[in-house]
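This report concerns only the one structure given below.
By convention in this document, chain letters (A, B, ...) are assigned in the order of the sequence lines, proteins followed by strands, and residues within each chain are numbered from 1.
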Amino acid sequence: MRFSRGFFPTLKEAPAEAEVVSHKLMVRSGMIRRLAAGVYTLLPLGLRVQRKVEQILREELNRSGAQEVFLPTLNPAELWRKTGRWEIYGKELIRLKDRHEREFCLGPTHEEVITDLVAREVRSYRDLPLNLYQIQTKFRDEIRPRFGVMRGREFTMKDGYSFDRDETGAEQSYEEMVQAYTRIFRRCGLKFSAVEADSGAIGGSFSHEFMVMADTGEEAITVCNSCGYAANVEKSPVSLKLPENEGGELEKVHTPGAHSIEEVSEFFSLPPYRMVKTLLYIADGEPVAAMIPGHRELNETKLKNTLDAVDIELADAETVEQLTNSEVGFAGPVGLLGVQIVADTSIENCGGLVVGANQTDYHYTGAREGCDFTVSKFADLTVAQEGDACPGCEAGLSIKRGIEVGHVFKLGCKYSESLDATYQDESGETHTIVMGCYGIGVGRTVAAAIEQNHDEDGIIWPTPIAPYHVDIIPVRVDDETMEICDGLYNSLESAGLDVALDDRDERPGVKFKDADLIGFPYKAVVGPRGLKEGKIELKSRKTGETLLVAINEAASFLNNLVTEEMESIG
RNA sequence: CGGGGCGUAGCGCAGCCUGGUAGCGCGCCUGCUUCGGGAGCAGGAGGUCGGAGGUUCAAAUCCUCUCGCCCCGACCA
């Protein structure tokens, strides 16, 4: 592509709304433009990169035996009602009605549609296993779209679904997808790790997230440097042990003005872990009290799973006051009526605890679980912290940040059951199909690649997903130079490289700056300095190294460089 | 949805407090000179100051409502 004909609107300054590097650089380099909150137009450069990622996805998924389909965006409500998600998915689901008042939604994911398809078409064990995927626009009315293409309301996602006869088969499909994903992200030039994850609203029993390590990531991950264990903090198990403690008798103490754990802890001159936080939640409409040691944070995902609830939220002040008959800050398990109490396992049989007394300005000391109050369920309820013991090897965990670019789930029969996706085995017996589902955020992968590969001048594309491999830069736009550039352009194109030619009548500095911003892996500079010796300068974006190569050798030289890089990274 | 902030030329911003001529930098157009890391000079185009109401002789500026956007939290690829 020649710059003079191209649509590459680069910007010197990033729009004020862009917060993270990838967003800024995508806007500045002319890849994307915003239409509305979380809704973006892909310009030619952005589209090229996205297409390259999609191509890698197709190659690797096809290689693993999956087949591409294309499912409708417009989904009838009826299907979603069958699985119960019309209600469960909530406000995130974009709903609409047609002229006959029939209800539809725009697909935020496609378990319903694909399972319905398979339920209709698959009869026999001979049809299994089956693995289908699509690359398509998804719609989710995110509460808070942000970071450009990283969390949009309309975005491109690759979603795939596997269908197997049984658990064993499903596990094998899952493993194949993990392998495919590993190849995909490696080819995209990303440093990533597959971490254990919570299976969330989609449901299911087992899942991994593919996280690209980046300080701007929205996810916190626990990582063990010793055995390699990695998990989303939401999922990362914590087993707390509180120090032994005699306890003493239950006693109500006047604690004026002490609301927070710090204040109460200071009041009694006792360490925070002897305090117990009692947090009141509304879980699917029912009040629940969750107790955790005072020095810890509650993990809402774990709480939700423990309660087997669809939706939980922290009770508001009014509700808390109603339930505890006191101001906010004095909730405790002793004498708390009509509320289910769950607690972190560390509290089981524990004595000498300081808890709220459900009376303004009063706390109990010397409370003992099992004696002064009873808990209906114990579970791991806290958020993992830096230094916690690794569940694999007991070494200290560290906390890192990551961007979730992919997610693999073992779904089980959740959808195949509600949509009646079954098959007959060799003996004619009917079984429910066992499913898995696998997602990759395509735009997010592109953004993550930028987060990991950039410098102060702009993007440094990994060669396999660069919009163009080489940018030819004539220093002077005169006939002699342009003739050489055109020659190089043609031979590179016929060698199969993606090549840009900056034939604009601009000063060289402008071209260099744009080339660095856009992030072409190589610049081929054709100018008087090199031409004196009959040579072209090849400059690597990544290393900044410059090589002088004879004009007639430049094409094959570049071709070798690029090919080598594509292969080594693949 | 709760908390914080912002809407003035394509982009980045000033002006608003204390009402009275709409400004700066970049970009864009024309010309000349330049030409190896975002050139210089000269000339020029471009703005219903997010929208609606109100106060006032007079509103970008004050008041009310509204729409949009961004940041912090719960959701997720």
**Q.** Carboxylate-amine/guanidinium proximity below 4.0 Å for A/D516 and A/K523
**A.** yes
**Q.** First of A/R153 and A/R504 reached from the 5' end of RNA chain B, by closest nucleotide
**A.** A/R504
Q: Just name whichever nucleotide pairs with B/A74, Watson-Crick or G-U, keeping both distances under 3.5 Å, else none.
A: none
Q. Between A/E234 and A/K302, is there a side-chain N and carboxylate O pair less than 4.0 Å apart?
A. no
Q: State whether the aromatic ring of A/F512 stacks on the base of B/G36, taking stacking to mean ring centres under 5.5 Å apart and ring planes under 30° to each other.
A: no
(Q) I'd like the C1' distance from B/G44 over to B/G12, given in whole Å. (A) 22 Å
**Q.** Interatomic distance at P, B/C26 relative to B/C41, whole Å
**A.** 9 Å
Q | Interatomic distance at C1', B/A22 relative to B/G47, whole Å | A | 8 Å
Q: Report the residue (A/G439 or A/L11) whose heavy-atom-nearest nucleotide on RNA chain B is the more 5′ of the two.
A: A/L11
Q. Partner of B/U21 by Watson-Crick or G-U wobble geometry, both contacts under 3.5 Å, or none?
A. none
Q) When the C1' atoms of B/U56 and B/U64 are considered, how many whole Å apart are they? A) 16 Å
Q) Separation of A/I221 atom CD1 from B/C76 atom P, in whole Å? A) 17 Å
(Q) So if I take every side-chain heavy atom of A/H407 and compare against B/A77, B/G36, B/C75, which nucleotide ends up nearest? (A) B/A77
**Q.** Options B/G73, B/G38, B/G36, nucleotide nearest the side-chain atoms of A/L517
**A.** B/G38
Q: Any chance you could measure A/R187, atom CZ, to A/I184, atom CD1, to the nearest 0.5 Å?
A: 8.5 Å
(Q) Roughly how many Å apart are B/G25 and B/A39, using the C1' atom of each and rounding to a whole number? (A) 16 Å
(Q) By nearest atom, which of the nucleotides B/C76, B/G37, B/C69 is closest to the A/R151 side chain? (A) B/C76
Q | Closest to side chain of A/R144, choosing from B/A77, B/C11, B/C72 | A | B/C72
(Q) Can you say whether a donor on the side chain of A/E537 sits under 3.5 Å from an acceptor on the base of B/G36, or the other way round? (A) yes
Q: Take atom P in B/G51 and the same atom in B/G68, then report the distance between them in whole Å.
A: 15 Å
Q: Ignoring the backbone of A/R34, work out which of B/C70, B/G12, B/A77 is nearest its side chain.
A: B/C70
Q.
Does A/E219 reach a base, just sugar-phosphate, or nothing at all? Heavy atoms under 4.0 Å.
A. base
Q: In sequence, state the C-alpha distance, the side-chain angles, and the governing distance for A/K539 and A/E545, and then conclude on salt bridge (Lys or Arg N to Asp or Glu O under 4.0 Å).
A: CA-CA 6 Å; A/K539 192 160 188 174; A/E545 282 172 335; over 6 Å; no
**Q.** Distance, C1' atom - from B/U21 to B/A58, rounded to whole angstrom
**A.** 13 Å
(Q) Name the residue from A/T10, A/I518, A/I459 that meets the side chain to side chain contact (heavy atoms under 4.5 Å, CB included) definition with A/M31. (A) A/I459
Q.
Check this for me: does any side-chain nitrogen of one of A/K24 and A/E19 sit under 4.0 Å from a carboxylate oxygen of the other?
A. no
Q. Which nucleotide in the set B/C26, B/G36, B/C70 lies at the smallest distance from any side-chain heavy atom of A/K12?
A. B/C26
Q: Look through every strand shown and name the nucleotide pairing with B/G27 as Watson-Crick or G-U wobble, where both distances are under 3.5 Å.
A: none
(Q) At 4.0 Å (heavy atoms only), tell me whether A/E17 reaches a base, stays on the sugar-phosphate, or touches nothing. (A) sugar-phosphate
(Q) Closest approach to the side chain of A/R476, judged atom by atom: which nucleotide of B/A77, B/C75, B/C35 is it? (A) B/C35
Q) In terms of side-chain heavy atoms of A/V510, which of B/G12, B/A39, B/C35 is nearest? A) B/A39
Q.
Can you tell me which nucleotide in B/A77, B/G37, B/C70 comes closest to the side chain of A/K513?
A. B/G37
Q: Give a yes or no on whether a donor-acceptor pair under 3.5 Å exists between the nucleobase atoms of B/C76, that is its base, and the side chain of A/R444.
A: yes
Q | Gap in Å between the two C1' atoms, one belonging to B/G10 and one to B/G46, rounded | A | 9 Å
Q: Check whether the side chain of A/D457 and the base of B/G37 form a donor-acceptor pair under 3.5 Å.
A: no
Q.
Nearest to the side chain of A/A16, heavy atoms from C-beta on, is which of B/G12, B/G37, B/C70?
A. B/G12
Q: In sequence, state the C-alpha distance, the side-chain angles, and the governing distance for A/H208 and A/H407, and then conclude on side chain to side chain contact (heavy atoms under 4.5 Å, CB included).
A: CA-CA 6 Å; A/H208 281 88; A/H407 204 158; 5.9 Å; no
Q | Nearest-angstrom distance from the residue atom CZ of A/F409 to P of B/C76 | A | 8 Å
